[in-house]
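Read the structure below first, then the notes.
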Protein chains: 2
Amino acid sequence: MKINKSLSLPLYQQVKRYLEEKITLKEWEAGHRLPTEKELSSQFNVSTITIKRAIHDLVDEGFLYRQSGKGTFVTDKKEQNISRLVSLRNEAWEDHNHPHRTLNFNREKAGRKIGKLLGLSEKQEVYKINRIKLQGDKPIAIEHSFIPTSLVPNLNPSDIENELLYNLFEERYHVKLEKAKVYFNTTLADEYEANLLKIPLGEQLFVLERYTLTEAKDVIEYSRFILKQDQSRYFLEVPL
Amino acid sequence: MKINKSLSLPLYQQVKRYLEEKITLKEWEAGHRLPTEKELSSQFNVSTITIKRAIHDLVDEGFLYRQSGKGTFVTDKKEQNISRLVSLRNEAWEDHNHPHRTLNFNREKAGRKIGKLLGLSEKQEVYKINRIKLQGDKPIAIEHSFIPTSLVPNLNPSDIENELLYNLFEERYHVKLEKAKVYFNTTLADEYEANLLKIPLGEQLFVLERYTLTEAKDVIEYSRFILKQDQSRYFLEVPL
């Protein structure tokens with residue numbers, strides 16, 4: 001690869017694309033240690049400032065991570081099947097691999113907005129649950145869930161500690177679930193999100209909004225998932 | 001709704017959220033004309049600069065559009081099922097509603113990167129097709145497709161003018177398709193993308209990378225879709 005100094009694409013972006021390609025094509029696998037900034041700078045014949053900027057961006061985007069005194073390494077990005085992510089239940093590994101940390105668990109009036117989304121009046125009650133989803137000990141998503149109390153009476157904070165919502169709906173409340181509808185969107189991390197997810201302000205995030213419908217056509221849950229992209233590659237398989 | 005001047009959230013963002021809610025909850029439907037900036041500024045007791053900024057952002061994000069001399073209106077965002085978008089074929093409406101404009105149609109050596117993605121050697125040939133996907137007369141996506149010439153011999157630019165790739169594979173080449181695997185990502189529009197999609201530089205875009213597999217386990221196509229978010233709400237339905 002040659003860096004082309006006459007291209008309009010900034011040099012650091014050319015370096016970045018080159019490095020990103022090495023990673024996505026798995027020429028450099030997870031755990032691979034990068035050449036030093038000095039080595040890269042002489043390889044590309046650009047300044048170390050250019051190299052630093054390219055590496056900084058790739059660290060931000062989760063392709064690389066630094067270990068102080070040891071160097072810069074290729075991240076192990078986990079592939080995540082979105083359908084599985086959305087529909088997951090009854091799977092023991094999930095509890096172990098993706099535990100939650102509950103930030104808030106409240107009973108409150110739905111209010112105008114959430115009421116409308118769940119098909120309730122403003123005054124009907126919902127559980128409002130804010131959680132962090134973890135992978136190992138790292139935050140990977142923020143979840144805001146709203147559940148009508150009428151459909152799921154007497155839900156307690158401890159109920160959701162060790163059980164997935166879908167399992168609770170089906171096994172404890174004997175609700176038959178029909179489908180989930182999930183809207184995809186993106187956002188740039190605000191201060192609250194950046195803090196919780198331990199990422200820089202303004203980083204690109206996925207927003208998934210999930211409506212879960214019962215066979216009786218009630219919306220039993222509306223959740224807003226705010227997903228980091230830096231530890232995961234999200235995918236979907238469609239049979240043809 | 002009251003604007004809270006002591007909140008750390010900037011005023012224009014509070015206004016923006018309020019307006020966005022009116023739209024997403026369909027209190028203001030597609031085509032609804034917004035109050036004037038002056039009316040909004042006195043309603044919220046904030047400056048018209050604050051109102052302008054909120055509206056500017058919502059125009060950028062596709063919630064609103066301006067008609068000069070007439071005012072600002074709510075956009076008609078089409079809901080798009082992602083599975084359908086990915087697997088689509090054989091559907092007459094697609095040709096009418098989502099025509100393509102071909103920018104480039106070339107035969108060339110796969111090269112290292114595309115070769116690796118398609119399971120080919122660097123020297124094997126691929127069709128490289130760059131297209132714009134339109135909704136009505138508006139660009140909604142850029143598509144870059146790569147197809148091994150060995151699996152689809154004698155493909156011509158005119159073949160793809162009026163027919164979807166999947167239809168061609170199955171009906172003309174009698175290839176049995178097994179599944180598509182689609183990776184989700186985001187990017188910020190660069191100059192090239194912003195120009196083609198007629199959006200501001202740096203706007204958030206979805207990137208979908210699709211690998212189509214045949215029953216014989218060949219990758220018959222790798223496509224990179226760069227999707228605007230401003231005319232569409234993308235969703236997915238998952239049976240439970």
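Lettering follows sequence order; numbering is per chain, from 1. The shown structure was predicted, so the numbers you read here are calculated from the model rather than taken from an experiment.
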**OP:** Decide if atom NE2 of A/His56 counts as having more than 12 heavy atoms of other residues, nucleotides or ligands within a radius under 6.0 Å.
**Re:** no
Subject >> Close side-chain approach of B/Phe235 and A/Phe184, heavy atoms under 4.5 Å >> reply: no
**OP:** Using non-hydrogen atoms and a 4.5 Å limit, figure out which bit of B/Thr187 sits close to chain A: side chain, backbone, both or neither.
**Re:** backbone
Original post:
For B/Glu215, is it the side chain, the backbone, both, or neither that has a heavy atom closer than 4.5 Å to a heavy atom of chain A?
Top reply: neither
Original post:
Which residues from residues 195-206 of chain B are near chain A, with near meaning under 4.5 Å between non-hydrogen atoms?
Top reply: B/Gln204, B/Phe206
Original post:
Taking every heavy-atom pair that is under 4.5 Å apart, which of B/Glu27, B/Lys26, B/Lys176 has the most such pairs with chain A?
Top reply: B/Glu27
Original post:
Say you draw a straight line from OH of B/Tyr234 to CG of A/Asn185; how long is it, rounded to the nearest 0.5 Å?
Top reply: 11.0 Å
Original post:
If you round to the nearest 0.5 Å, how far is CG of A/Leu188 from OG1 of B/Thr186?
Top reply: 8.5 Å
**OP:** Examine whether an atom of B/Glu178 lies under 4.5 Å from a heavy atom of chain A, and if so say whether it belongs to the side chain, the backbone or both; otherwise answer neither.
**Re:** backbone
Original post:
Can you say whether A/Glu209 sits under 4.5 Å from chain B via the side chain, the backbone, both, or neither, judging by heavy atoms?
Top reply: side chain
Original post:
So how far is it from A/Lys181 NZ to B/Glu237 CD, rounded to the nearest 0.5 Å?
Top reply: 5.5 Å
Original post:
Within residues 108-116 of chain B, which positions have a heavy-atom distance to chain A below 4.5 Å?
Top reply: B/Arg112, B/Lys113, B/Lys116
Subject >> Contacting region of B/Asp190 [heavy-atom separation from chain A under 4.5 Å] >> reply: side chain
